[in-house]
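Report on the following structure.
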Amino acid sequence: MSTSGNMANGMRLFADLVVKLGTSTKTNDKLEALTFYFAEAEDADKVWVIALFSGRRPKRTVNATQLSEWCLEMTGWPGWLFGECYHTVGDLAETIALLLPEPARVEIVGGEGLSFYLQRLIELGKEEESARKTFILQCWEKMNKEERFVFNKLITGGFRIGVSQKMIVNALAKTAGVSASVIAHRISGDWNPATTSFSGLLNEESADLSRPYPFYLAYALEGELSSLGEPGEWQAEWKWDGIRGEIIKREGEFFVWSRGEELMTERLPEYQIFKDKLEDGTVLDGEIIGMKDEVSVMPFAALQTRIGRKNVTKKHLSEAPVGFIAYDLLEYRGEDWRERPLEERRKQLESIVSAVGHPLMRLSPVVGFESWEELGAARSMAREKGSEGIMLKKRSSTYQVGRKRGDWWKWKIDPLVIDAVLVYAQKGHGRRSNLYTDYTFAVRSGEQLVTFTKAYSGLTDKELGEVDAFVKRNSLEKFGPVRTVKPELVFEIAFEGIAASARHKSGVALRFPRINRWRKDKRMEEIDTIEDLKRLLEMYGK
Amino acid sequence: MPLLEFTDKGIYCPVGDFYIDAWRPVPRVVITHAHSDHARPGSGQYLSHKLTVPLLELRLGPGSYQAVEWGEATFINGVRVSLHPAGHIIGSSQVRVEHQGEVWVVSGDYKTEDDGLSGVFEPLKCHVFITESTFGLPIYNWRPQQEIFTDIQDWVGGNRAEGKASVLIAYSLGKAQRLLSCLAPETDRIFVHGAVWNVHQALLNAGVVLPVVERVMPDMPKDLFKGKVVIAPSSAEGSPWIRRFNPFEVGVCSGWMQVRGNVRRRNADAGFALSDHADWKGLQEAIKATGAEKVFVTHGFQATLARYLNELGIEAAEVKTEYGEDEEGATTDTAGDLGEDKAGEGPTV
């Protein structure tokens, strides 16, 4: 619903974009909406849109409590009623936009742009609370519902509207007429939207030394292995369950990026050793992972607790040292190597890793195989090695941008499964607001039930509807948004790994738990027990 | 003994020995409107508004149906019963029950905005008011019908410009008819799903004047639908039936579309918050206009609305009923979409 009119109000244009992206179900429509936006909007606003949709948002200067209070002040509703609304909508920014009274005057033309509001919100950080309140109430008063929603979103952060970085990149590539991989590289890394101009971001060769390359990601293998052709054309490696990362050494500076485009250099003091050992102009792709001893790795849970820490002590360093399993070489002696074939990159990578010569940097071992059958046999050993399966890479493949089919595939091992019963349900957020879609599951422990995991995805919309109806009819108790449900529905829960956890009642924490299928054929009495979980922990969690 | 009681079969009048919108078969029942969660099969004698009767015949089959006009008094075992416009769908009525000077009103489902089709909601003075609460949260504030119609017309026009069919998802009884006056000026041909067609015919036969629609038939050529409008129930969403309109856009017309998450969950291309239920403001106004000393709140956000009314000083209590439940799996042509405009809260335990 793009109403034309060249007196573009920046905020209205942005609100239109968000509405369009939020409702369109087709990638092409979204791409079109983004392209339209990039063609119409002010440059300063575009920079912010790129930043926001790639997860760079300004520090919060107004918190959720303040926003809620000011909304209550304007509407006069009691706090509990606001809470009910919030639980139903599932999003604070939207709840407030829906509750605020109709604006007295909506400025149709000449309104300020997106960048104005964002700059003001940043400045508010240095101002008194009363100034923040005045500004926000003034904004609310002159905005319509959609503008209020996006404005509130700017404050609360997090636009989850189904736009991938790839889509942004493609839309920009289309508008700017530059290739997607170049754009992807330019907008990644550490840049500040408040001080970066659109032309500076896209058109000038920037001197940002920290800028990483976008990762090449694999799809899960589809169909038979034999469909890949000759085994000899492929290189197999273990798939490790850590954090995908990129190590960059340029002009004496050293950076570590995670796949989430988070700069992790400070969190990984171990890696400083690499800084001295790597040549300038080197970029490595690999896995950031906890190292147990010379050969084996630690489960993801150990890495997770370590990475979550702001301050890393000596004890952490000795107990859970984090290493790097090198997969690929993206830049060598300042030159982009991504277009070279894997074979060539790998060969150079081998000599780089051996030159570093440190136990915390390992070369990703190649899994030898002559036939696909042999590879299948190797894969069945993956879990014992602490790996989650096999990566298959064509020896001739270039290093591409984003998730692509064809040259790289991941072939994961089958997940672990356990049958469990649904005991708690909570309403979902966003797309699933107003439906009970977030579930907690339990296994048996003697006569009792012990909760051991939450799981979200995995059911079809139709099944979700059925479970939702069951929850509504079979609630035993209500604790705020959570309902205790009659233990009756049995589900098969699949997960990738298991680790001991003192934080959970069951004593275990699962990796990537999800609902595998609804076991309508099973009754509550037939679910698995805590002993079954402990057995899995014993086998795979140590 | 209260004039009306809440039983496991429905709302019951012990003095008159009859039920209102019973959800189990009973000897005698007064029906507020023909949606399937209010009008259920298997009862003995039905009493409803004259425009509800043909719909009951369509949906429940032959039976003993007594038709009355709005405002017409019927005495059942000495209890005075009369029906009054509820503004929800065609034929929808509030039930006013009076005995020895005491008046109770059962709202059924209602909306306070005049949709030009369902009759204008009539505020009734009463001692006790039993109200629905489908949209009983202040986030639900409807825009005027005409504004939403304009949005729908713009959307249809945009789709036509791109050579696409506009498929509007609407309840086959109620919303589908309401949309016709919005669509008729915008397109030369309106196509409808069989479920909508059946209701349409029943209403035409009962003398209701409605714009012309055409039933979608299997042998219709594909390009017939290019740029045209189709009205279908929600059971058609994502079904093979809908693919014949390709290329098309789907627009869902429902009060639930007020919340973005619901639009996305439905995978709709567009959501129009067009509801046949009262919004928060409508509920408040309707309740206050009754002057009731006591309010019972049924299906919807009953706990929330009851608590809020109590805080305003209006004595209110929530009641568990079986109204407002979705009929899942009902996807056949005529039985499909009997479920009402409900996707939210079921009864609270």
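Proteins come first, then strands; the chains are lettered A, B, ... in the order of their sequence lines, and each starts at number 1.
- Side-chain contact between Gln258(B) and Lys145(A) is present, with at least one heavy-atom pair separated by less than 4.5 Å.
- Summarising the local packing, NZ of Lys226(B) is surrounded by 12 or fewer heavy atoms from other residues, nucleotides or ligands at distances under 6.0 Å.
- Of the inter-residue distances, the one linking Glu311(B) atom CD with Trp80(A) atom CH2 reads 5.5 Å to the nearest 0.5 angstrom.
- Between atom CG of residue Leu137(B) and atom SG of residue Cys85(A) there is a gap of 4.5 Å, rounded to the nearest 0.5 Å.
- The shortest heavy-atom contact between Ile139(B) and Thr95(A) is CG2-O, 4.4 Å.
- Only the side chain of Glu94(A) comes within contact range of chain B, with heavy atoms under 4.5 Å apart.
- A heavy-atom distance below 4.5 Å is found between the side chains of Arg260(B) and Val18(A).
- The neighbour count for Tyr424(A) OH, taken as heavy atoms of other residues, nucleotides or ligands under 6.0 Å away, does not exceed 12.
- Heavy-atom contacts from other residues, nucleotides or ligands closer than 6.0 Å to CD of Glu32(A) number 12 or fewer.
- Residues meeting the ring pair (Phe, Tyr, Trp, His ring centres under 6.0 Å) test with Phe491(A), sequence neighbours left out: Phe441(A), Trp518(A).
- The shortest side-chain heavy-atom distance between Pro78(A) and Tyr308(B) falls under the 4.5 Å cut-off.
- No side-chain heavy atom of Leu98(A) sits under 4.5 Å from any side-chain heavy atom of Tyr140(B).
- The neighbour count for Lys222(B) NZ, taken as heavy atoms of other residues, nucleotides or ligands under 6.0 Å away, is above 12.
- For the atom pair CH2 of Trp280(B) and CG of Leu99(A), the computed distance is 10.0 Å after rounding to the nearest 0.5 Å.
- Counting heavy-atom pairs closer than 4.5 Å to chain A, the top residue among Asp269(B), Asn141(B), Val250(B) is Asp269(B).
- Looking only at side-chain heavy atoms (C-beta outward), Phe301(B) and Leu81(A) stay at 4.5 Å or farther from each other.
- Taking the side chain as every heavy atom from C-beta outward, Asp29(A) and Glu249(B) approach each other to under 4.5 Å.
- The distance from the CD atom of Glu84(A) to the CG atom of Leu305(B) is 11.5 Å, given to the nearest 0.5 Å.
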